[in-house]
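As C-alpha coordinates, the structure follows; a few thoughts come after it.
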Amino acid sequence: MLNPETGEMLIPEAFASRMFFTDAEVAVIAGKNRETIARWRREGYLEAARFGKRTVMFRRAEVERLVRGEIDFSKPPVKRKEEK
(Lines give C-alpha, C1' and ligand atoms only; values in the text may rest on other atoms or scores of the structure.)
Protein backbone atom coordinates (compact mmCIF):
# COMPACT_ATOMS: atom_id res chain seq x y z
CA MET A 1 0.00 0.00 0.00
CA LEU A 2 1.16 3.54 -0.71
CA ASN A 3 0.66 6.60 1.43
CA PRO A 4 -1.48 8.84 -0.83
CA GLU A 5 0.11 12.01 0.56
CA THR A 6 3.80 11.08 0.37
CA GLY A 7 3.83 8.20 -2.11
CA GLU A 8 5.87 6.13 0.36
CA MET A 9 5.24 2.45 0.89
CA LEU A 10 3.09 1.69 3.92
CA ILE A 11 4.28 -1.48 5.61
CA PRO A 12 2.47 -2.93 8.60
CA GLU A 13 4.46 -2.26 11.77
CA ALA A 14 5.21 -5.96 12.24
CA PHE A 15 7.19 -5.91 8.97
CA ALA A 16 8.77 -2.44 9.29
CA SER A 17 12.36 -3.54 9.94
CA ARG A 18 12.31 -6.58 7.62
CA MET A 19 14.45 -6.82 4.50
CA PHE A 20 12.96 -10.09 3.17
CA PHE A 21 9.32 -11.16 2.87
CA THR A 22 7.42 -14.39 2.17
CA ASP A 23 4.63 -14.76 -0.41
CA ALA A 24 2.04 -14.42 2.37
CA GLU A 25 3.65 -11.26 3.79
CA VAL A 26 3.87 -9.63 0.36
CA ALA A 27 0.20 -10.47 -0.18
CA VAL A 28 -0.73 -8.61 3.03
CA ILE A 29 1.41 -5.60 2.12
CA ALA A 30 0.18 -5.43 -1.49
CA GLY A 31 -3.45 -6.29 -0.70
CA LYS A 32 -3.40 -9.35 -2.99
CA ASN A 33 -4.01 -13.07 -2.56
CA ARG A 34 -0.99 -15.21 -1.58
CA GLU A 35 -1.53 -17.46 -4.59
CA THR A 36 -1.44 -14.43 -6.90
CA ILE A 37 1.93 -13.39 -5.48
CA ALA A 38 3.26 -16.96 -5.82
CA ARG A 39 2.02 -17.12 -9.44
CA TRP A 40 3.65 -13.79 -10.33
CA ARG A 41 6.90 -15.12 -8.81
CA ARG A 42 6.72 -18.38 -10.79
CA GLU A 43 5.90 -16.51 -14.02
CA GLY A 44 8.89 -14.19 -13.54
CA TYR A 45 7.15 -10.90 -12.82
CA LEU A 46 8.58 -10.81 -9.28
CA GLU A 47 12.18 -11.70 -8.47
CA ALA A 48 12.74 -13.79 -5.35
CA ALA A 49 15.78 -15.06 -3.49
CA ARG A 50 16.18 -18.70 -2.52
CA PHE A 51 17.41 -19.71 0.91
CA GLY A 52 17.92 -23.46 0.87
CA LYS A 53 15.71 -25.87 -1.02
CA ARG A 54 12.28 -24.67 0.07
CA THR A 55 12.53 -21.13 1.39
CA VAL A 56 11.80 -18.41 -1.17
CA MET A 57 11.62 -14.76 -0.13
CA PHE A 58 11.33 -11.35 -1.75
CA ARG A 59 13.79 -8.53 -1.15
CA ARG A 60 12.33 -5.31 0.20
CA ALA A 61 13.21 -3.47 -3.04
CA GLU A 62 11.13 -5.95 -5.07
CA VAL A 63 8.14 -5.47 -2.76
CA GLU A 64 8.50 -1.70 -3.12
CA ARG A 65 8.54 -2.06 -6.93
CA LEU A 66 5.29 -4.04 -6.76
CA VAL A 67 3.57 -1.59 -4.42
CA ARG A 68 4.65 1.45 -6.45
CA GLY A 69 3.14 -0.13 -9.58
CA GLU A 70 6.44 -0.37 -11.46
CA ILE A 71 5.74 -3.90 -12.74
CA ASP A 72 3.98 -4.05 -16.11
CA PHE A 73 1.77 -7.13 -16.07
CA SER A 74 0.49 -6.40 -19.60
CA LYS A 75 3.84 -7.52 -21.08
CA PRO A 76 5.62 -10.86 -20.75
CA PRO A 77 8.04 -10.82 -17.82
CA VAL A 78 11.68 -10.00 -18.42
CA LYS A 79 13.76 -13.16 -18.19
CA ARG A 80 16.52 -12.58 -15.69
CA LYS A 81 19.85 -14.34 -16.01
CA GLU A 82 20.06 -17.00 -13.31
CA GLU A 83 23.15 -17.15 -11.13
CA LYS A 84 25.15 -20.37 -11.11
On a heavy-atom basis, which atom in Glu62 and which in Glu47 lie closest, and how many Å separate them?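 Where Glu62 meets Glu47 most closely, the heavy atoms are OE2-N, 2.8 Å.
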If you take all heavy atoms of Val63 and Phe21, which pair is closest and at what distance?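 The pair with the smallest heavy-atom distance is CG2-CD1, 3.7 Å.
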Could you work out, with salt bridge (charged side-chain N to carboxylate O under 4.0 Å, His left out) as the rule, every residue matching Lys53, not counting sequence neighbours?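 So Lys53 forms no salt bridge (charged side-chain N to carboxylate O under 4.0 Å, His left out) with any residue.
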Would you mind writing out the side-chain donor-acceptor pairs for residues 27-41 within the sub-3.5 Å range, not counting sequence neighbours?
unit_1, atom_1, unit_2, atom_2, d
Asn33, OD1, Glu35, N, 2.7
Arg41, NE, Asp23, OD1, 3.3
Arg41, NH2, Asp23, OD2, 2.9

Heavy-atom side-chain proximity of Arg65 to Ile71 below 4.5 angstrom: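 Yes, side chains in contact.
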Check whether any side-chain heavy atom of Glu70 sits under 4.5 Å from a side-chain heavy atom of Glu64, and report yes or no.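 A side-chain contact is absent here, since even the closest heavy-atom pair is not under 4.5 Å.
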Can you list every ring-ring contact (aromatic ring centres under 6.0 Å, His included) pair that touches residues 47-69, not counting sequence neighbours?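 Non-adjacent pairs meeting ring-ring contact (aromatic ring centres under 6.0 Å, His included): Phe20-Phe51.
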